[in-house]
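Everything on this sheet refers to the single structure shown next.
Residue numbers count from 1 along this sequence.
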Amino acid sequence: MPSRGALWSQIRSEAAGVVQNEPLLGSLIHAGLLHHATFEAALAYRFSLKLASNEMSEQILREIADHAHAREPALADAGRADLVAVFQRDPACHRLMQPMLFFKGFQALQAYRIAHWLWNNDRRDMAYFVQMRCSEVFGVDIHPGARIGTGVMLDHAHSIVIGETAVVGNDVSMLHSVTLGGTGKGNGDRHPKIEDGVMIGAGAKVLGNIRVGHHSRIAAGSVVLSDVPHCKTVAGVPARVVGDAGCAAPSTAMDQLLKD
């Protein structure tokens, strides 16, 4: 991954080029990117702009985000890793600046990271508010108590649901309409644990306190109700092992075809 400074410089360079080529976007590009001295400030601005409502002003949300980034530098480091993940894995992403301005999966994930920070700092009602607004604005519902690693891509992201006790590892990719959910109304540890490097196809449902082994693939539309071994592909309703993962890094390759 590029250094912090190099990444932000590249984003600003791309943004300046867009302003030249598409002047009608100048105001948006300046407000969203070029006006800010740091990556963290740009993330905080986007968070506040998108989630503001009549119930919570943009200024208050900006203060919350700025405070979170000042207290926890790992938030922006995770955002950088997520940004690079989208750029490297999504063939529709041609510039680093695109997810920051246009891709709701990336923006929703960064909003979750602020909510998770609030949750861990005993500001749970505010965390719930951020979760609610993220669901309303982006169509992505991630409980602030869930634990999500870095280098994560939510591709398209519409209707993704991740429950309170879910754990998602590093370098995971998931597509739209994925659910990491429970199987009943009981309390306690009730959601899936997704290990590093997993690829979860569109519409897949992973339910219960089960474990999906590292570098495995879950085929689109599958319903996973039991543990998945490492480096395997599962498919079906209910899902079963149908073969090996097919490569060393499924979440990076994004190959969703089942091989004979």
Side-chain angles (χ1 to χ4, degrees), residues 4 7-16 18-19 22-83 86 93 95-146 148 150 152 154 156-162:
R4 293 176 180 177
L7 186 75
W8 182 234
S9 294
Q10 178 64 30
I11 291 169
R12 288 178 59 85
S13 176
E14 293 172 356
V18 172
V19 172
E22 189 59 83
L24 293 178
L25 288 175
S27 178
L28 182 152
I29 299 294
H30 277 279
L33 296 174
L34 294 175
H35 176 72
H36 306 286
T38 66
F39 180 76
E40 291 86 342
L43 286 183
Y45 170 80
R46 203 67 183 166
F47 168 86
S48 63
L49 178 73
K50 299 301 287 187
L51 299 191
S53 69
N54 291 334
E55 296 177 311
M56 190 72 64
S57 72
E58 185 178 334
Q59 179 180 350
I60 291 174
L61 289 172
R62 178 63 187 270
E63 290 173 357
I64 290 170
D66 283 339
H67 180 66
H69 281 288
R71 294 286 299 273
E72 186 55 77
L75 289 171
D77 288 338
R80 292 181 184 92
D82 298 336
L83 185 66
V86 176
C93 184
R95 299 186 183 96
L96 285 166
M97 58 161 278
Q98 284 179 269
M100 297 189 71
L101 294 182
F102 306 130
F103 289 11
K104 71 176 185 177
F106 174 80
Q107 295 176 34
L109 185 56
Q110 305 323 302
Y112 149 78
R113 296 197 186 282
I114 297 292
H116 185 65
W117 181 85
L118 291 165
W119 183 266
N120 287 339
N121 283 273
D122 296 322
R123 301 182 64 182
R124 296 197 167 185
D125 290 315
M126 186 62 75
Y128 279 128
F129 176 83
V130 173
Q131 177 192 6
M132 175 192 74
R133 288 295 294 150
C134 191
S135 180
E136 292 173 345
V137 172
F138 299 120
V140 176
D141 195 345
I142 306 176
H143 193 285
I148 300 179
T150 64
V152 172
L154 307 183
H156 298 291
H158 190 72
S159 296
I160 285 178
V161 176
I162 300 178

key: side-chain contact (heavy atoms from CB on, under 4.5 Å) evaluation trace for Met126 with Met56   = CA-CA 10 Å; Met126 186 62 75; Met56 190 72 64; 3.9 Å; yes

ask   = Do any N or O atoms from the side chain of Arg46 and from the backbone of Leu101 form a donor-acceptor pair under 3.5 angstrom?
value = yes

task = Over all heavy atoms of both residues, which pair between His158 and Phe138 is shortest? Give the atoms and the distance, please.
result = ND1-O, 4.5 Å

task = Determine, stepwise, if the pair His67 / Trp117 fulfils side-chain contact (heavy atoms from CB on, under 4.5 Å).
result = CA-CA 10 Å; His67 180 66; Trp117 181 85; 3.5 Å; yes

message = So which atom in Val130 and which in Ala111 form the shortest heavy-atom distance, rounded to 0.1 Å?
response = CG1-O, 3.6 Å

query = Passes side-chain contact (heavy atoms from CB on, under 4.5 Å), Asp77 versus Arg4? Steps please.
reply = CA-CA 8 Å; Asp77 288 338; Arg4 293 176 180 177; 2.8 Å; yes

task = Working to the nearest 0.5 Å, report the span between OG of Ser53 and CG of Leu61.
result = 7.5 Å

From CD (Gln107) to CZ (Phe47), nearest 0.5 Å = 12.0 Å

query = Within a radius of less than 6.0 Å around CZ of Arg62, do more than 12 heavy atoms belonging to other residues, nucleotides or ligands occur?
reply = yes

query = Which atoms form the tightest heavy-atom contact between Ala42 and Leu33, and what is the distance?
reply = CB-CD2, 4.4 Å

request  = Using ring-ring contact (aromatic ring centres under 6.0 Å, His included) as the criterion, list what pairs up with Tyr128, not counting sequence neighbours.
outcome  = Trp119, His143

key: Approximate separation, where rounding is to 0.5 Å, of Leu83 CG and Phe106 CZ   = 4.5 Å

message = As a quick check of understanding, evaluate side-chain contact (heavy atoms from CB on, under 4.5 Å) for Thr38 and His69, giving each step before the final call.
response = CA-CA 11 Å; Thr38 66; His69 281 288; over 6 Å; no

Aromatic ring pairing Phe39/Trp8, orientation class (parallel under 30°, perpendicular over 60°, tilted between) = perpendicular

request  = Give the minimum heavy-atom separation between Leu109 and Val152, together with the two atoms involved.
outcome  = CD2-O, 3.6 Å

task = Please answer whether the main-chain N or O of Ala44 pairs with a side-chain N or O of Ser48 as donor and acceptor at a distance below 3.5 Å.
result = yes

Under-4.0 Å salt bridge between Lys50 and Glu136 = no

query = What's the spacing between His35 NE2 and Arg12 CZ if we round to 0.5 Å?
reply = 10.5 Å

message = Looking at Arg133 and Leu51, would you say the former's side chain and the latter's main chain have a donor-acceptor pair under 3.5 Å?
response = yes

message = Minimum heavy-atom separation for Ala157 and Gly105, please, with both atom names.
response = CB-CA, 3.4 Å

inquiry  = Taking Tyr112's backbone N and O only, do any of them form a donor-acceptor pair with Gln131's side chain (distance below 3.5 Å, no angle check)?
reply    = no

Contact check, side chains of Glu55 and Phe129, non-hydrogen atoms, under 4.5 Å = yes

query = Hey, are the side chains of Ile148 and Arg113 touching, using non-hydrogen atoms and a 4.5 Å cut-off?
reply = yes

remark   = Gly79 and Gln110 have their tightest heavy-atom pair at CA-OE1, 3.2 Å

inquiry  = Let me confirm one number: the CD-CG distance from Glu72 to Asn121, rounded to the nearest 0.5 Å.
reply    = 8.0 Å

request  = To the nearest 0.5 Å, tell me how far Leu28 CG sits from Glu22 CD.
outcome  = 11.0 Å

